[in-house]
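The structure under discussion appears below in the form of structure tokens.
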Amino acid sequence: MKKKIVSATLAVVMSMALLMGCGGKAETAAPAEEAATEETAEAPAEETAEAETEAAEELAADVQAIVDRGVLRVGVKNAVVGFGFEDPATGEYSGMEIDLANKIAESLGVDVEFTAVTAATRTELLDSGDIDCVLATFTITEERKKSWDFSTPYFTDHVGVLVEDASGITDLSGLVDKSVGVSSGSTSAKSLVEAMIAAGLITGEGYDAETFDPATWTEGVSFKQYEDYPSISTALSAGEVDAFCVDKSILAIYHTDGRSYISDEFAPQDYGVATTKGSGFSTYVEGLITGWLEDGTIDGLIGTYGLN
Ligand code: GLU
């Protein structure tokens, strides 16, 4: 577990600056920091204390609860290199989603605690209150937005398909009538079916975006669902499935010798920070993410992890 703590005083003043500057869209983190420094430097001691009390009052109750707890609990991936990866030897997490989580915690002046999540578990853990937010290659979709808040996207990936070279499959057309391994709770199966319909490879008869279920879809391609990605990789080696479909960032670690991506990639996947719908924390996180998009912090992280 990686922990970062900044002065609680500075964090509270920064939070105030963020909230006060925010009317739907918050000020960037940088001006908030400058404002905090100026205020702390110039104001007499009592006034500073008063400002801090007011600042604390400005925080939404759920954000204040995180500050009082002293720990921000974040759901992250543990096997997606460059996003959320846990070093098996040291237990240290790294990746741009880890850095973003650390920065959110830093802005609150609290420690951070990571919980490894999967596509299947991340929303349950958020709904149960076990975690405060999800930074886990979580694609923003209209359907998901009905249940959770998502920040402005901090990264866009595409869906890809990994196959064993021996299969001879090289593009989408090779997947007709094949069985594809996907993760439960992911966008992958739906994205693949839509791409195959768009390419004219399957008719799409009976396809309904609202009710699509990978478990029952058999028109021109079928799916086997797994709880985690290592299980799909094992199934691919064992010939239990003909292909492994998910975002390319996630596939990267399973792209080993003797395996290739098909030539097509499709379905842009915008990753956002997911939080409880309607919560004060959603507004707080949105302010930070938009600030980090504007001031180049996020571009910097994309560069650091070689994701561009
Ligand atoms: N990003 C995709 C999704 O949110 C793939 C699943 C995953 O993130 O594990 O459904």
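Side-chain atoms are counted along with the backbone in the values below, which use heavy atoms only and exclude waters and symmetry mates. In each ligand, atom 1 is the first atom listed, and ligand 1 is the first ligand listed.
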Please list all pairs meeting side-chain hydrogen bond (donor to acceptor under 3.5 Å, both in side chains) that have one or both residues in residues 299-308, counting only residues at least two apart or in different chains. D99-Y305
List the residues meeting side chain to side chain contact (heavy atoms under 4.5 Å, CB included) with D165, not counting sequence neighbours, and say none if there are none.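 Testing D165 for side chain to side chain contact (heavy atoms under 4.5 Å, CB included), a comparison that skips the adjacent residues, returns S260.
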Residues in the immediate environment of ligand 1 (any heavy atom closer than 4.0 angstrom): K77, A119, R122, A136, T137, F138, T139, R144, S186, T187, Y229, V246, D247, I250, Q269, Y271
Does Y254 have any ring-ring contact (aromatic ring centres under 6.0 Å, His included) partners at least two apart in sequence or in another chain, and if so, which?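 By the ring-ring contact (aromatic ring centres under 6.0 Å, His included) rule, Y254 matches F244.
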Are side-chain heavy atoms of R73 and D130 found at a separation under 4.5 Å? no
I want to check something: taking the side chain as every heavy atom from C-beta on, are L108 and Y284 in contact at a cut-off of under 4.5 Å?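 Yes. Closest side-chain heavy atoms under 4.5 Å.
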Please round to the nearest 0.5 Å and tell me the distance separating atom OH of Y271 and atom CZ of F138. 11.5 Å
